[in-house]
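Input: a single structure, listed below in structure tokens.
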Amino acid sequence: MALADDPRSPAGQHGSSLWPATSAGWWAVILAVSSIVLVLGWKLMGPAGAFPGLSFGFAGGIVALVSILRLKERAASVVAALVPFAFTVIYLAAELIVGSS
């Protein structure tokens with residue numbers, strides 16, 4: 001039986017759901033939520049919270065891309081895990097281009 005024919009596989013699902021069906025999808029969501037918590041808590045922790053928050057956002061985005069492109073994950077929460085990734089990439093690009101004053 002092909003992967004797309006298996007009703008339990010993410011590729012065999014019709015439509016999307018809120019929660020991921022793959023372990024990579026779950027990791028993407030967990031890393032993205034952790035990223036948001038750490039970045040929002042940077043005022044309490046300073047750079048000690050911001051650096052891991054940005055790292056988790058980047059890692060969560062990479063895992064989300066792998067989950068979406070390779071494992072055919074279509075859960076809304078995995079797609080939403082790309083938001084912290086986008087903010088991290090934009091922030092790092094702005095820091096490299098403009099720098100901080």
Side-chain angles (χ1 to χ4, degrees):
M1 177 176 349
L3 181 63
D5 296 335
D6 187 6
R8 295 169 295 169
S9 73
Q13 293 178 352
H14 298 287
S16 65
S17 64
L18 180 62
W19 302 113
T22 62
S23 61
W26 277 107
W27 273 107
V29 171
I30 290 168
L31 286 169
V33 169
S34 301
S35 166
I36 293 167
V37 169
L38 287 170
V39 169
L40 291 178
W42 77 271
K43 289 215 180 243
L44 298 173
M45 296 180 283
F51 179 72
L54 292 175
S55 300
F56 281 22
F58 189 78
I62 296 298
V63 174
L65 285 174
V66 168
S67 181
I68 291 169
L69 298 176
R70 301 276 293 182
L71 302 176
K72 308 297 185 211
E73 180 71 68
R74 296 294 182 250
S77 56
V78 176
V79 175
L82 294 173
V83 173
F85 175 70
F87 280 123
T88 300
V89 169
I90 291 169
Y91 174 77
L92 292 176
E95 283 293 321
L96 289 173
I97 294 170
V98 178
S100 58
S101 22

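Heavy atoms only: backbone and side chains are in, while hydrogens, waters and symmetry mates are out.
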- Query: Does the Ser17 side chain pair with the main chain of Ala75, one donor and one acceptor, at a distance under 3.5 Å?
  - Reply: no
According to a 4.5 Å side-chain heavy-atom criterion applied to Ile, Leu, Val, Met, Phe, Trp and Tyr, with indirect links allowed, do Val79 and Leu65 form part of one hydrophobic cluster? yes
| said: Starting from Ile36, can I reach Ile62 by hopping between I/L/V/M/F/W/Y residues whose side chains sit under 4.5 Å apart? | reply: no
Pro84 and Ala80 have their tightest heavy-atom pair at CD-O, 3.5 Å
_Is it the case that the side chain of Ser67 and the backbone of Val63 share a donor-acceptor pair, with hydrogens and angles ignored and the cut-off at 3.5 Å?_
no
Report yes or no: does Ser35 contribute a side-chain atom to a donor-acceptor pair with the main-chain N or O of Leu54 at less than 3.5 Å?
no
Only residue of Phe56, Phe85, Phe58 satisfying side-chain contact (heavy atoms from CB on, under 4.5 Å) with Leu31 is Phe56
Closest non-hydrogen atoms of Gly53 and Leu38, given as atom of the first, atom of the second and distance, are CA-CB, 3.6 Å
- Task: May I ask you to decide if Thr22's main-chain N or O and Glu73's side chain share a donor-acceptor pair within less than 3.5 Å?
- Result: yes
- Item | Hydrophobic cluster membership, Ile30 vs Val37, 4.5 Å side-chain cutoff | no
In terms of heavy-atom contacts, Ala64 and Ala81 come closest through CB-CB, 4.1 Å
Q) Is there a donor-acceptor pair closer than 3.5 Å between any side-chain N or O of Trp26 and the backbone N or O of Pro20? A) yes
Cluster check Val33, Leu40: I/L/V/M/F/W/Y, side chain < 4.5 angstrom: no
Answer yes if Ile68 and Val29 sit in the same cluster of Ile, Leu, Val, Met, Phe, Trp and Tyr residues linked by side chain heavy atoms under 4.5 Å apart, and no otherwise.
yes
Output for pair (Ile97 CD1, Leu92 CG), nearest 0.5 Å, gives 11.0 Å
